[in-house]
Amino acid sequence: MTGWSVAEIQRAMRAGDLSARALTEAFLQRAADVDRSGPSINSIIELNPQALDIAVRLDAERAAGTVRGPLHGVPILIKDNIDTADSMQTTAGSLALEGHMASRDAFVVERLRAAGAVLLGKTNLSEWANFRSTRSTSGWSSRGGQTRNPHVLDRSPCGSSSGSGAAVAAELCAVAVGTETDGSVVCPSSSNGIVGIKPTLGLVSRSGIIPIAHSQDTAGPMARTVADAAALLGAMVGVDARDAATAAAGHPVQADYAQYLDESALKGARLGIARNFFGFDSRVDAVMEESIDALRHLGADIVDPVDLPKSSAYDDSEYEVLLYEFKAGLNAYLAELNGGRWPHTLEALIAFNDAHAERVMPYFGQEIFLQAQEKGPLSDAAYREALTANHRLSREEGIDAAMAQHRLDAIVAPTGGPAWTIDLVNGDHYSGGCSSPAAVSGYPHVTVPAGFVHGLPVGISLFAGAWSEPRLIALAHAFERGTQARRAPQFLPSVGL
């Protein structure tokens, strides 16, 4: 039952063949068997001691005739940079925040509780969402240790939503929540062979989530199928008074993304192939060519090639914006932490890490923290000019221009390469991918399993303009159903073994 879809879970619960308590117990047992013992993928940083109590209450509601929606009684995991006002910590994987318990739920957690989800626990992540060091190792945090890829255990789960991706693939939860600034939902989804949705900026509230950059940050669903990701997304969206971006003009407030799950959606769809994001790995290119053939077979009209500015066109300006916004956003978040035990500024956090370097920085340092600390306020001309350049290159001269010129429904590219070997000495060996255009523009991005390279999953990406989640979900679902490329992980110790 731990591999069942959200729809299958609901059918079994309606029929009386399954309870939320029994399902929660099954996931807790699987976590014990797979996450800490057995293959030991180390994806869960903390289990919720209240999970069974929540499940029992939701079973009682169902028995009394109340079903809150498609997530009622469904166990989920959330990333450990998302506040929960319960007995679980929120630490971003850092020992600097060890023991910190938030006084208020993040808005997205409020939404998930209201939807009837069972908060099973929190997932490990790349510490501080991979924004501490230029030589970091994805999936490693000083509090949680190293998460492993369940397909091949000596391979990276990518990051920073490493634990969420690995846990979903390994069937330790029904669905999970990750967060992304640039690639942190779609890369671990691709590397672990699952579906990931990075929503339009503002579709999902950012309040109560430890920030990197407010112009790019968003939470997003991670799941084994597009349908499950759509169900989770519907429970996450909403207008939040604490986050003005959720009330932006054009914000489509809705909760039913299942209505867009159309297996025939690719018939007549115009898809542009962003060739300038190919070429980093010939084996990935081969998987993509098979996927493009499948898209044609499923009825899509392929426009090939479609040119977008390469990420290198705005690498420097994006990094500049992230440094400025990280300092401002993290200082604001830390200032609101209850009690005097925690670092309340980035400067104090840097000092904590230096004082506890043996435990916090045994493999890599905090160069990015130091660079961010040197930045001035968000009123600086350097910041404002960099942000303007980002939006011009990724929006007006990027996705928006390509979509309009070729009358596209979506742009297609490889999400990334096969997972690299975990290397705590040298850090990540990222080969390539297409996360930046949608990340920098703040536009939606969906990745779906496309195939394998030496037993390692590779995903295909579809992205488009703002608020295009319904169309992207439809296209991704049609591709998924037409190809059925996903395979369950085998927990191999290494490639070829």
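For the single chain, residues carry numbers from 1 onward in sequence order.
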Novice: For the pair Asp80 (side chain) and Thr91 (backbone), establish whether a donor and an acceptor sit closer than 3.5 Å, ignoring hydrogens and angles.
Specialist: yes

Novice: Taking His477 for the side chain and Ile473 for the main chain, is one N or O donor matched with an acceptor at less than 3.5 Å?
Specialist: no

Novice: Determine whether Glu480 and Thr225 satisfy the following criterion, side-chain hydrogen bond (donor to acceptor under 3.5 Å, both in side chains), listing intermediate values before the conclusion.
Specialist: CA-CA 8 Å; Glu480 174 189 69; Thr225 67; 4.9 Å; no

Novice: Would you please say whether a donor-acceptor pair under 3.5 Å links the side chains of Asn124 and Ser162?
Specialist: no

Novice: Spell out, as yes or no, whether a donor-acceptor pair under 3.5 Å connects the side chain of Arg224 to the backbone of Ala169.
Specialist: no

Novice: For the side chain of Ser40 and the backbone of Ser37, is there at least one donor-acceptor N/O pair under 3.5 Å apart?
Specialist: no

Novice: Mark yes or no for whether Glu320, through its side chain, and Ala382, through its backbone, hold a donor-acceptor pair below 3.5 Å.
Specialist: no

Novice: Checking Ser441 side chain against Ser394 main chain: does a donor-acceptor pair fall under 3.5 Å?
Specialist: no

Novice: So Glu374 and Lys327, do their side chains get closer than 4.5 Å, heavy atoms only?
Specialist: no

Novice: Not counting sequence neighbours, which residues clear disulfide (SG to SG under 2.5 Å) with Cys158? List them please.
Specialist: Cys187

Novice: Would you say Asp243 and Ser207 are linked by a side-chain donor-acceptor pair, where the criterion is simply a distance under 3.5 Å?
Specialist: no

Novice: Would a line drawn from the ring center of Phe463 to the ring center of Tyr443 be shorter than 6.0 Å?
Specialist: no

Novice: Can you classify the ring geometry of Trp128 versus Phe369 as parallel (below 30°), tilted (30 to 60°) or perpendicular (above 60°)?
Specialist: perpendicular

Novice: Verify the distance criterion only: is there a donor paired with an acceptor across the side chains of Asp83 and Tyr333 at less than 3.5 Å?
Specialist: yes

Novice: Does the side chain of His214 come within less than 4.5 Å of Arg206's, by heavy atoms?
Specialist: yes

Novice: So do the side chains of Glu397 and Arg392 get within less than 4.5 Å of each other, counting heavy atoms only?
Specialist: yes

Novice: Would you please test Glu25 and Arg21 for salt bridge (Lys or Arg N to Asp or Glu O under 4.0 Å) and show each step?
Specialist: CA-CA 6 Å; Glu25 287 174 338; Arg21 178 182 179 127; 3.0 Å; yes

Novice: With side chain to side chain donor-acceptor pair (under 3.5 Å) as the test, pick out the partner of Ser160 among Ser184, Ser141, Ser126.
Specialist: Ser184

Novice: Decide yes or no for Arg132 and Ile368: does some side-chain heavy atom of the first lie under 4.5 Å from some side-chain heavy atom of the second?
Specialist: no

Novice: Assess whether atom CG of Asp256 is packed by more than 12 heavy atoms of other residues, nucleotides or ligands within 6.0 Å.
Specialist: yes

Novice: Under a 4.0 Å threshold between the charged nitrogen and the carboxylate oxygen, would Arg143 count as salt-bridged to Glu98?
Specialist: no

Novice: With a 3.5 Å distance limit and no angle check, can you tell me whether Asn81 reaches the backbone of Thr179 through a side-chain donor-acceptor pair?
Specialist: no

Novice: Could you tell me which residues satisfy ring pair (Phe, Tyr, Trp, His ring centres under 6.0 Å) with Tyr260, sequence neighbours excluded, listed by chain and number?
Specialist: none

Novice: Excluding sequence neighbours, so at least two apart, what forms side chain to side chain contact (heavy atoms under 4.5 Å, CB included) with Thr181?
Specialist: Ile212, Ala213, Gln216, Asp217, Leu322

Novice: Output every pair passing ring pair (Phe, Tyr, Trp, His ring centres under 6.0 Å) with a member in residues 96-124, not counting sequence neighbours, ordered by first then second residue.
Specialist: His100-Trp342

Novice: Quick one: are Pro221 and Met236 in side-chain contact, heavy atoms under 4.5 Å?
Specialist: yes

Novice: Can you tell whether the side chains of Arg113 and Asp105 come within less than 4.0 Å, N to carboxylate O?
Specialist: yes

Novice: Applying salt bridge (charged side-chain N to carboxylate O under 4.0 Å, His left out), which residue pairs with at least one partner in residues 184-203 are found, sequence neighbours left out?
Specialist: none

Novice: By side chain to side chain contact (heavy atoms under 4.5 Å, CB included), which residues pair with Ser133, not counting sequence neighbours?
Specialist: Arg135, Ser136, Phe364, Glu367

Novice: Any chance the side chains of Asn338 and Ser103 put a donor and an acceptor closer than 3.5 Å?
Specialist: no

Novice: Can you see whether Lys79 engages Thr123 through a side-chain donor-acceptor pair at a distance of less than 3.5 angstrom?
Specialist: no

Novice: Does the side chain of Leu370 come within less than 4.5 Å of Ile350's, by heavy atoms?
Specialist: yes

Novice: Is the closest side-chain donor-acceptor distance between Ser317 and Asn390 under 3.5 Å?
Specialist: yes

Novice: Check the pair Val448, Val446 against side chain to side chain contact (heavy atoms under 4.5 Å, CB included), reporting the backbone distance first and the verdict last.
Specialist: CA-CA 7 Å; Val448 184; Val446 180; 4.1 Å; yes

Novice: Going by atom types only, do Ser461 and His445 share a side-chain donor-acceptor pair under 3.5 Å?
Specialist: yes

Novice: Quick one: does any side-chain atom of Lys122 pair with a main-chain N or O of Ile82 as donor and acceptor, under 3.5 Å?
Specialist: yes

Novice: State, without any angle test, whether Asp423 and Thr421 hold a side-chain donor-acceptor pair at a distance under 3.5 Å.
Specialist: no

Novice: Determine whether a donor-acceptor pair (N or O, by modelled atom type, separation under 3.5 Å) exists between the side chain of Asn42 and the backbone of Arg36.
Specialist: no

Novice: Under the side chain to side chain contact (heavy atoms under 4.5 Å, CB included) test against Thr90, which residue among Leu337, Val109, Ile209, Ile210 passes?
Specialist: Ile210

Novice: Does this structure show an ion pair linking Arg104 with Glu110, if we count only N-O contacts that are shorter than 4.0 Å?
Specialist: yes

Novice: Are Asp182 and Ser436 close enough that a side-chain donor and a side-chain acceptor fall under 3.5 Å?
Specialist: yes

Novice: For Ser138 and Ser156, does a side-chain donor sit closer than 3.5 Å to a side-chain acceptor?
Specialist: no

Novice: Do Glu180 and Ser161 have side-chain atoms, one donor and one acceptor, less than 3.5 Å apart?
Specialist: no

Novice: Taking atom types as modelled, is there a side-chain donor on Asn192 or His151 under 3.5 Å from an acceptor on the other?
Specialist: no

Novice: Under a 3.5 Å cutoff, is there a donor and acceptor pairing between the side chains of Thr345 and Asn331?
Specialist: no

Novice: Can you check whether Ser189 reaches Val195 side chain to side chain, under 4.5 Å on heavy atoms?
Specialist: no

Novice: Taking C-beta and beyond as the side chain, do Leu203 and Thr246 meet within less than 4.5 Å on heavy atoms?
Specialist: no

